[in-house]
Protein chains: 2
Amino acid sequence: MLTDRQLLIFQVIVDDFIQTAQPVGSRSLSKKSEISFSSATIRNEMADLEELGFIEKTHTSSGRIPSEKGYRYYVDHLLSPQRLNKREVHQVKSIFAERIYELENIVQKSAKILSEMTNYTSIVLGPAVRENKLKKIQIVPLNDHTAIAIIVTDTGHVENRMFHIPESLDPDDIEKMVNILNDRLTGVSLDHLNNKIYKEVAMLLRHHIHHYDLMLNSIVDTIKMPANEKLFFGGKTNILSQPEFHDFDKVKGLLHMIEQEDGIYELIRKNEAGISVKIGRENNNTAMDNCSLITASYSIGAEQLGTIAILGPTRMEYSRVISLLQYLSKGLSSELSKLYQNE
Amino acid sequence: MLTDRQLLIFQVIVDDFIQTAQPVGSRSLSKKSEISFSSATIRNEMADLEELGFIEKTHTSSGRIPSEKGYRYYVDHLLSPQRLNKREVHQVKSIFAERIYELENIVQKSAKILSEMTNYTSIVLGPAVRENKLKKIQIVPLNDHTAIAIIVTDTGHVENRMFHIPESLDPDDIEKMVNILNDRLTGVSLDHLNNKIYKEVAMLLRHHIHHYDLMLNSIVDTIKMPANEKLFFGGKTNILSQPEFHDFDKVKGLLHMIEQEDGIYELIRKNEAGISVKIGRENNNTAMDNCSLITASYSIGAEQLGTIAILGPTRMEYSRVISLLQYLSKGLSSELSKLYQNE
DNA sequence: ATTTAGCACTCAGTATTAAAGAGTGCTAAC
DNA sequence: GTTAGCACTCTTTAATACTGAGTGCTAAAT
């Protein structure tokens, strides 16, 4: 559909624009070493490329910039996977250098390093806890009327919540209850827990403990809490350095969306495994106009855990970012497997 | 030192500028109902006020704006405490409306409401955990080589950390150790814990448990973790709406400082009890130029727990913000006392 | 001795114009 | 099919002038 020469010109336009953020004109193109024909020829080809919708003008007599369709084509067909250089490999590896055992810490650090390396904003969707399996439930009474319920999952995630102890409850009953719960529920994944409690365990409790229901509700609440997985950010202010965002309303909208988190969650969540690139309006969010989002998932074995993402202008270094995300997500996956795979 | 008329003029200038963000001129002042003399008279008085350093010009023929010294005087001498209206009282009370037992949640919500009410950025320094007293230590083994240490404090704060189990350790010994620790350390405040462990408990452990030291280190690490108290923010992007921050470099510096958190921590931390107002360069931080920070502490009984703060332009609604912070910090203190005071 | 009116002067902001530079599209020659 | 050439468009920048808000000072009025 495109001739080789059109392809060449298009590629050079995109590459140049990604670097300089300036519309690319025929004359400056003709001076590039990869291009051997005159500016007039280029102009003809550019007119065709524009008609096909791959590039556009910012005004009647300006140079050309890639359109969203153009970026899409570029990403789908023209991207040459870029090898990371030693420095970059080293930086990514530094995430795993210290022996940190906290999943959250690793994830947090990933976001930080990623944003520093790219100068874009990085977003990491923390591990989904809902598929974790229950390891232990504990209840620690604080005083006569409050106690704290703690649940630990098999990946070492700890969730806790305070609750009110019903007046009428015998302290011994608390212990009894915790024992029953641990006995029956260990190994059950968190999103099945709710079901299992009411279907199988509630009856059992009723036999042994008075007012079991009041306390049970608090525990169920604790389990339900992490409805949305946690988001981690790096370089939230990096967008301010991008020339395309030297516009207050634009920045305001974007930062506001980031602060709210809901919008981001929407954007990142619905993603299949592997790398995905969403360009501009493909994100279905006006705040994301002129922005691209590249996401990659990380996992333990076959179980998809979470997502890492880079948010930048549509004029993004797709090749480098994709390589980076690929490398990091692979690293994360293998490192986490090492830690949590119950071999 | 200032005549009544100068005081009046100064007050009107500050009030007007706080509202409009525009330099105030003699003519517009003379039209105000509180002022009964001519613009020429005002000009003379303003010249004096400028000489005294309370107001300044943005350029030779501009109206006047308050100087930092002026704001300081205004805050110290001219502020009339403003009563909150019903709506505002209601909004603050809504923070405590739901029966939330999580300290963190209350604090988080305070930050949110505060920023919404003021349109400035709010910062809340979470409760200092270090003076909490240990309620319980627990260790939950996840698999053969990792376990998770959990400590619970008397205010219901939960801290946890994963660690490596030394190969040579007998599983029974873990339980033994936890029992000894709980026995000896319950009721000790977190910042004394470290000391107490090495001085009194370590010896005891040595008698009973092989390789106790490896594990002990992990537990000590867990305790040490929350070195800085957690910061909560509200309305980080509100600064973008303030006209004085329609300057990219300014905003970038400020948002960057906020993102880093260290700087903020420095600013907020060193504060006595009660309300404190720091204006512009009094904050000793170039990113805070043209910004004021108002802080208030909250406490349980005599024990100072944390700080709530509002960050805005020096042209801030001091009166309203101070009233608001006063009211909220009092509310927070009493509400938290109700929850955690072990009556 | 204050207060005020009047006037010359300053400066930011805005609009207008002109000129320069980058780029295009089209046509005609190669 | 390719290229040189030219007219044209549009942005950017600088220069210029004008307006309006405001000041400082002086001299008159109170």
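In what follows, every chain begins at residue 1, and chains take the letters A, B, ... in the order their sequences are listed.
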Is it true that a side-chain atom of A/Ser67 and a backbone atom of A/Glu56 form a donor plus acceptor pair closer than 3.5 Å? no
Nearest heavy atom decides the nucleotide; on that basis, is B/Thr58 or B/Ser36 closer to the 5' end of DNA chain C? B/Ser36
What residues, two or more places apart in sequence or in another chain, satisfy side-chain hydrogen bond (donor to acceptor under 3.5 Å, both in side chains) together with A/Glu50? A/Arg64
Could you list by number each residue of residues 3-19 of chain B showing a heavy-atom separation from DNA chain D of less than 4.0 Å, or answer none if no residue does? none
Output side-chain donor-acceptor pairs under 3.5 Å for residues 321-328 of chain B, partner residues at least two apart or in another chain, one line each.
| residue | atom | partner | partner atom | Å |
| --- | --- | --- | --- | --- |
| B/Ser323 | OG | B/Gln82 | N | 3.3 |
| B/Ser323 | OG | B/Gln82 | O | 2.8 |
| B/Ser323 | OG | B/Ser319 | O | 3.0 |

Checking A/Lys109 side chain against A/Ser94 main chain: does a donor-acceptor pair fall under 3.5 Å? yes
Go through the structure and list residues passing side-chain hydrogen bond (donor to acceptor under 3.5 Å, both in side chains) with A/Tyr120, not counting sequence neighbours. none
The complete set of ring-ring contact (aromatic ring centres under 6.0 Å, His included) pairs with one or both residues in residues 5-46 of chain B, sequence neighbours excluded, reads B/Phe10-B/Phe54
Distance, rounded to the nearest Å, where A/Phe37 contributes CZ and D/dT2 contributes P: 9 Å
Under 3.5 Å, which donor-acceptor pairs link side chains of residues 242-252 of chain B to any protein atom two or more places apart or in another chain?
| residue | atom | partner | partner atom | Å |
| --- | --- | --- | --- | --- |
| B/Gln242 | OE1 | B/Arg315 | NH2 | 3.1 |
| B/Gln242 | NE2 | B/Asn119 | O | 3.4 |
| B/Glu244 | OE1 | B/Arg315 | NE | 2.8 |
| B/Glu244 | OE2 | B/Arg315 | NE | 3.1 |
| B/Glu244 | OE2 | B/Arg315 | NH2 | 2.8 |
| B/Asp247 | OD1 | B/Asp249 | N | 3.1 |
| B/Lys250 | NZ | B/Ala287 | O | 3.0 |
| B/Lys250 | NZ | B/Asp289 | O | 3.0 |

Please report the distance, rounded to the nearest Å, between CZ in B/Arg27 and C1' in D/dT23. 14 Å
Expressed as a whole number of angstroms, how long is the span from B/His59:NE2 to C/dT10:P? 14 Å
Any residue meeting side chain to side chain contact (heavy atoms under 4.5 Å, CB included) with B/Asp16, in chain and number order, not counting sequence neighbours: B/Thr20, B/Val24, B/Lys32
Mind calculating the distance between CD (B/Gln22) and P (D/dA21) to the nearest angstrom? 12 Å
Report the residues that fulfil side chain to side chain contact (heavy atoms under 4.5 Å, CB included) with A/Gln260, sequence neighbours left out, ordered by chain and then residue number. A/His256
Rounded interatomic separation in angstrom, taking CD from A/Glu56 and P from C/dG23: 17 Å
Between the protein and nucleotides 20-22 of chain C, list every N/O to N/O distance that falls short of 3.5 Å.
none

Could you give the CD1-to-P distance, from B/Ile65 to C/dC11, as a whole number of Å? 17 Å
What's the CG-P distance between B/Asp48 and C/dT2, to the nearest Å? 12 Å
Tell me every residue that passes ring pair (Phe, Tyr, Trp, His ring centres under 6.0 Å) with B/His90, counting only those two or more places apart in sequence or in another chain. none
Between atom CD1 in B/Ile55 and atom C1' in D/dG22, what is the gap in whole Å? 13 Å
Applying a 4.0 Å non-hydrogen cut-off, can you work out what A/Thr41 is touching in the nucleic acid: base, sugar-phosphate, or nothing? base
Is the shortest side-chain N/O distance from A/Ser26 to OP1 or OP2 of C/dT24 below 4.0 Å? yes
Sorted by chain and residue number, the side chain to side chain contact (heavy atoms under 4.5 Å, CB included) partners of A/Lys236 (sequence neighbours excluded) come out as A/Phe233, A/Ile258, B/Lys236, B/Glu259
Interface polar pairs with nucleotides 24-28 of chain D, N/O, under 3.5 angstrom:
| residue | atom | partner | partner atom | Å |
| --- | --- | --- | --- | --- |
| D/dG24 | OP1 | B/Lys57 | NZ | 3.1 |
| D/dG24 | OP1 | B/Arg64 | NH2 | 3.2 |
| D/dG24 | N7 | B/Arg43 | NE | 3.1 |
| D/dG24 | O6 | B/Arg43 | NH2 | 3.3 |

